[in-house]
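We name chains A, B, ... by the order of the sequence lines, and we start the count at 1 in each one.
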Amino acid sequence: METRVRFAPSPTGYLHIGSARTALFNYLYTRKVGGKFLLRIEDTDLQRSTEESTRSIIEGLAWLGLDYDEEIVFQSDNASKHREIALKLLDEGKAYRDFTPKELPSDANIKEAIAERARQNQGEKNMRDNPFRDLSKEESDKKAESGEPFAIRLKVAESGKTSFEDGVYGFLERDYSEIEDLVLLRSDGHPLYNLAVVCDDIEMQISDVVRGQDHLTNTHKQILIYEALGEAPPRFAHLPLILAPNKGKLSKRKHGAVVSLTTYRDAGFVAAAFRNFLALLGWSAGEEREIYNLEELIKKFSLEGIHRSNAVFNFQENDPRHWTDDKALWMNAEYIRTMPLEDLLPLVKDELKSAKLWREEYEDGDKAWFEKTVDLIRQRFFTLKDFSQQGRAFFSEDFDFDQAAIDKNLKKFPDLQAWLPELADRLETVEDFTHDNLETVVNQFAEEKGTKLGVIMNGARSVLTGLAVGPSMLAVFEALGKEKSVLRLKSQIAWNQ
RNA sequence: GGCGCAUUCGUCUAGUGGUUAGGACGCAAGGUUCUCAACCUUGAAACAGGGGUUCAAUUCCCCUAUGCGCUACCA
């Protein structure tokens with residue numbers, strides 16, 4: 001049988017990095033065996049679902065390179081089918097009408113309210129004590145016909161257990177006495193999550209459900225629905241969750257943008273790097289390597305490599321240096337400096353374009369220069385943003401001077417105000433404006449002036465790039481070329497700052 | 001409260017009935033250097049606690065603690 005998996009996010013808000021990882025694992029799992037990866041938008045909660053969110057999910061998957069097969073399924077489109085199925089189960093006596101008046105949801109913390117109610121019951125609640133559970137068909141029909149509102153609940157057997165073999169957690173079972181007669185259809189006719197999921201998974205012929213561990217107990221309920229429908233359940237595998245540094249839930253309300261996938265795209269992450277990082281959160285190939293491209297991830301991936309305990313996404317909210325997980329940051333830098341240059345160039349192009357620094361010549365007459373320059377500066381960059389920020393002086397005459405750099409490297413050595421233009425004159429005479437020739441000239445110049453080479457170099461760096469840090473100055477001279485180097489060495493702009 | 005799942009350096013993780021418990025990020029020190037990265041070397045850093053089983057337990061079992069999840073006419 002063909003392996004068919006689905007990623008089934010609900011379109012409320014942006015794509016969460018935890019969801020993104022779930023999508024990734026589904027993708028890797030099925031691509032390994034050549035199966036299908038399907039996308040289903042679970043938009044049954046009409047109040048909270050938005051089109052914008054659906055867009056962000058699709059964009060996010062595209063960014064990560066997780067291409068899905070077939071048409072997107074919108075769960076809300078199937079609502080009437082779900083309703084029919086609930087009615088069918090009612091008809092077959094596998095479900096019953098519950099005429100208990102609907103409780104108004106308390107606006108307080110719902111989870112707290114549930115836990116509190118459970119405490120009142122001392123855990124003694126009998127899950128089968130619904131007064132309408134054993135109402136005769138005639139009576140039930142009569143009440144329904146008279147217009148009394150009702151929900152439809154699954155009739156869970158008095159005794160027994162459900163069990164399944166989880167791909168990650170192993171054999172799991174749960175006693176029926178722990179499972180209430182779950183509602184399948186609300187009194188307003190809307191199908192509920194567990195029913196909708198099972199129906200759609202059957203309809204889509206899903207063979208393997210890979211989802212977050214927060215669904216572990218839902219799975220038992222869903223298996224009961226499969227049984228009631230006379231369908232074989234798919235295989236299940238549950239993934240550990242991604243937690244915040246305090247080991248609590250990672251949520252938008254509490255943690256803001258760090259949990260949103262788009263944040264990483266917008267912050268200049270290389271998709272391949274972030275994908276690689278995500279793959280390593282809760283999964284390991286059992287070897288010491290950590291850098292994997294997509295094909296390698298597909299090849300290495302297995303459910304056995306998934307950890308059973310939750311992973312902490314480590315970041316420090318108030319520290320800009322560690323605004324997100326250090327390892328993600330490191331991996332991004334690692335990708336930027338080591339990935340094949342031809343893969344990086346389009347990403348740099350996009351970045352320069354959005355910063356209005358792109359010139360068509362970079363793909364034409366200046367192609368060689370552009371590639372060499374990108375290769376030079378990428379060595380110490382952490383994000384793609386750096387190409388338009390720290391790297392700005394390589395692509396524009398309009399760049400800022402860092403005051404600290406000027407103070408430390410320029411104004412501390414007043415002689416440089418005369419020396420640097422003098423050096424410019426000297427450089428102007430260099431025929432072949434390349435590294436080795438420049439080295440001789442600059443070394444000699446420093447010697448003549450009786451100063452350390454570093455003073456000259458750092459001063460030059462400050463006026464040429466506006467920064468105190470950067471590549472070797474000889475390489476910078478070469479990259480900027482004679483004309484720009486000379487011009488900037490002579491410029492007094494930095495001195496007047 | 002009940003039920004379930006989990007627990008190896010700060011974080012991500014490897015690993016085994018007998019190991020100096022390995023790697024990565026981060027951190028610290030040193031080297032290199034025109035700066036900063038990178039790079040190289042080194043260092044600090046972990047088997048939650050208590051009982052068993054066993055010649056031997058980080059590894060198997062039980063209890064406790066802690067965390068997380070579910071416990072909805074949310075998804």
### Query
Which residue pairs pass the salt bridge (Lys or Arg N to Asp or Glu O under 4.0 Å) test with at least one member in residues 311-323 of chain A, sequence neighbours excluded?
none
#### Entry: Between B:rA72 (P) and A:Leu195 (CG): distance, integer Å
17 Å
### Query
Across all strands shown, which nucleotide pairs with B:rA24 by Watson-Crick or G-U wobble geometry, both distances under 3.5 Å?
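Base partner found: B:rU11.
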## Note on the structure
By the Watson-Crick or G-U definition, both distances under 3.5 Å, B:rA57 is matched with none
#### Entry: Polar side chain donor-acceptor pair, A:Gln75 to A:Asp43, under 3.5 angstrom
no
### Query
How close or far is atom C1' of B:rC70 from atom CE of A:Met127, stated in whole angstroms?
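In whole Å, B:rC70 C1' and A:Met127 CE are 11 Å from each other.
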### Message
Checking base pairs now: Watson-Crick or wobble, both atom distances under 3.5 Å. What partners B:rU19?
### Response
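For B:rU19, the partner nucleotide comes out as none, under the 3.5 Å rule.
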## Note on the structure
Hits for salt bridge (Lys or Arg N to Asp or Glu O under 4.0 Å) against A:Asp98, two or more places apart or cross-chain, chain-then-number order -> A:Arg153
#### Entry: Span that lies between the C1' atom of B:rA48 and that of B:rC9, in whole angstrom
14 Å
#### Entry: Candidate list A:Asp200, A:Leu38, A:Val198, test side chain to side chain contact (heavy atoms under 4.5 Å, CB included), partner A:Ile206, passing option
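Of all the options given, the one that passes is A:Leu38.
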### Task
Identify whether any heavy atom of A:Asn218 sits under 4.0 Å from a base atom; if not, whether one sits that close to sugar-phosphate; answer base, sugar-phosphate or nothing.
base
### Whole-Å gap separating P (B:rG23) and CZ (A:Arg289)
18 Å
#### Entry: Watson-Crick or G-U wobble mate for B:rC47, both contacts under 3.5 Å
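Answer to the pairing question: none, since B:rC47 forms no Watson-Crick or G-U pair.
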### Message
Under a 3.5 Å cutoff, is there a donor and acceptor pairing between the side chains of A:Thr324 and A:Tyr264?
### Response
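Checked: A:Thr324/A:Tyr264 side chains pair up, N/O donor to acceptor below 3.5 Å.
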### Query
Does one side chain, of A:Ser284 or A:His307, offer a donor that lies under 3.5 Å from an acceptor on the other?
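A:Ser284 vs A:His307: no donor-acceptor pair found between side chains.
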### Query
How far, in whole Å, is B:rU53 from B:rU58 if one measures between their P atoms?
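Result for the P pair: 15 Å, nearest Å.
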With the criterion being N/O to N/O and under 3.5 Å, what pairs connect the protein with nucleotides 38-46 of chain B, and how long is each?
none

### Message
Please list all pairs meeting salt bridge (Lys or Arg N to Asp or Glu O under 4.0 Å) that have one or both residues in residues 438-464 of chain A, counting only residues at least two apart or in different chains.
### Response
A:Glu422-A:Lys449, A:Arg426-A:Glu448
### Task
Would you classify A:Leu172 as touching base, sugar-phosphate or nothing, given that sugar-phosphate means primed atoms plus P, OP1 and OP2, and contacts are heavy atoms under 4.0 Å?
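Since only primed, P, OP1 and OP2 atoms lie under 4.0 Å of A:Leu172, the category is sugar-phosphate.
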### Query
For the pair made of CZ in A:Arg211 and C1' in B:rC70, what is the distance, rounded to whole Å?
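Taking CZ of A:Arg211 and C1' of B:rC70, I get 12 Å after rounding.
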### Message
With rounding to the closest Å, how many angstrom separate the C1' atoms on B:rA46 and B:rG15?
### Response
13 Å
### Message
Counting the atoms with a prime plus P, OP1 and OP2 as sugar-phosphate, which does A:His215 contact under 4.0 Å by heavy atoms, base, sugar-phosphate, or nothing?
### Response
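Base, at least one base atom sits under 4.0 Å.
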### Task
Could you check how far CD of A:Glu178 sits from P of B:rC5, rounded to whole Å?
12 Å
### Message
Is a donor from one side chain sitting under 3.5 angstrom from an acceptor on the other, for A:Ser140 and A:Arg97?
### Response
yes
## Note on the structure
Which of B:rC68, B:rC25, B:rU35 is nearest the side chain of A:Leu241? It is B:rC68
### Task
Determine which nucleotide pairs with B:rG69, using a 3.5 Å limit on both distances of a Watson-Crick or G-U wobble pair.
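The base-pairing partner of B:rG69, which may sit in any strand shown, is B:rC3.
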### Task
Would you please name every residue forming a salt bridge (Lys or Arg N to Asp or Glu O under 4.0 Å) with A:Lys155, sequence neighbours left out?
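A:Lys155 satisfies salt bridge (Lys or Arg N to Asp or Glu O under 4.0 Å) with no residue once adjacent residues are dropped.
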### Message
Among B:rC5, B:rG10, B:rC36, which nucleotide has an atom closest to any side-chain atom of A:Arg380?
### Response
B:rC36
### Task
Using a heavy-atom cut-off of under 4.0 Å over every strand shown, decide if A:Lys452 touches base, sugar-phosphate, or nothing.
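Since no nucleic acid heavy atom lies under 4.0 Å of A:Lys452, the category is nothing.
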### Message
Using a strict threshold of under 4.0 Å (side-chain N to carboxylate O), is an ion pair present between A:Glu287 and A:Lys300?
### Response
yes
### Query
Which is true for A:Thr12 with a 4.0 Å heavy-atom rule: it touches a base, it touches only sugar-phosphate, or it touches nothing?
nothing
### Query
Within the structure shown, what part of the strands sits under 4.0 Å from A:Pro245 by heavy-atom distance: base, sugar-phosphate, or nothing?
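No contact at all - A:Pro245 keeps every heavy atom at 4.0 Å or more from the nucleic acid.
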### Query
Is A:Arg321 touching bases, backbone alone, or none of the nucleic acid, heavy atoms closer than 4.0 Å?
sugar-phosphate
### Message
Any base atoms under 4.0 Å from A:Arg308, or only sugar-phosphate, or nothing? Heavy atoms, all strands.
### Response
sugar-phosphate
### Query
Rounded to whole angstrom units, what separation is found between the CZ atom of A:Phe74 and the C1' atom of B:rA75?
17 Å
### Query
When the C1' atoms of B:rA45 and B:rC36 are considered, how many whole Å apart are they?
28 Å
### Message
Let's see if you can work this out: which of B:rC5, B:rC34, B:rG69 has an atom nearest to the side-chain heavy atoms of A:Asp214?
### Response
B:rG69
### Message
Restricting to side chain to side chain contact (heavy atoms under 4.5 Å, CB included), what partner residues turn up for A:Thr434, sequence neighbours left out?
### Response
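Only A:Asp432, A:Asn437, A:Glu478 meet the side chain to side chain contact (heavy atoms under 4.5 Å, CB included) criterion with A:Thr434.
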Atom pairs under 3.5 Å: protein N/O with N/O of nucleotides 12-17 of chain B:
residue	atom	partner	partner atom	Å
B:rC12	OP1	A:Val312	N	2.6
B:rC12	O2'	A:Leu280	O	2.9
B:rC12	O2	A:Lys327	NZ	3.3
B:rU13	OP1	A:Gly282	N	2.2
B:rA14	OP2	A:His307	NE2	2.9

### Message
Rounded to whole Å, please give me the gap between CD in A:Glu288 and P in B:rA21.
### Response
16 Å
### Task
List in chain and number order the residues that pass side chain to side chain contact (heavy atoms under 4.5 Å, CB included) with A:Glu51, two or more places apart in sequence or in another chain; answer none if no residue qualifies.
A:Arg55
Side-chain donor-acceptor distances from residues 332-340 of chain A under 3.5 Å, at least two apart:
residue	atom	partner	partner atom	Å
A:Asn332	OD1	A:Val270	N	2.7
A:Asn332	ND2	A:Gly268	O	3.3
A:Asn332	ND2	A:Phe382	O	2.7
A:Glu334	OE1	A:Arg337	NH2	3.0
A:Tyr335	OH	A:Asn276	OD1	2.6
A:Tyr335	OH	A:Tyr292	O	3.0
A:Thr338	OG1	A:Glu334	O	2.6

#### Entry: Under 4.0 angstrom between A:Thr217 side-chain N/O and B:rG4 OP1 or OP2
no
### Message
Pairing check on B:rA38: which nucleotide meets the Watson-Crick or G-U wobble criteria with it, both distances under 3.5 Å?
### Response
none
### Task
Look at the side chain of A:Arg153 against the base of B:rC73 and say whether a donor-acceptor pair falls under 3.5 Å; ignore hydrogens and angles.
no
#### Entry: Partners passing salt bridge (Lys or Arg N to Asp or Glu O under 4.0 Å) against A:Arg488 (at least two apart in sequence or in another chain)
A:Glu397
### Task
Just jot down the salt bridge (Lys or Arg N to Asp or Glu O under 4.0 Å) partners of A:Arg6, sequence neighbours excluded, or say none.
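For A:Arg6, the residues satisfying salt bridge (Lys or Arg N to Asp or Glu O under 4.0 Å) (neighbours in sequence not counted) are A:Asp201.
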### Summary
With the side chain defined as heavy atoms from C-beta on, A:Glu180 is closest, among B:rU71, B:rC34, B:rA75, to B:rU71
### Query
Which of residues 184-194 of chain A sit near RNA chain B, with a heavy atom under 4.0 Å from it?
A:Arg186, A:Ser187, A:Leu192, A:Tyr193
### Rounded distance in Å between the P positions of B:rA56 and B:rG51
15 Å
#### Entry: Gap in Å between the two P atoms, one belonging to B:rA28 and one to B:rG17, rounded
38 Å
### Query
Of the nucleotides B:rC73, B:rC34, B:rC5, which one has an atom closest to the side chain of A:Met473?
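It is B:rC34.
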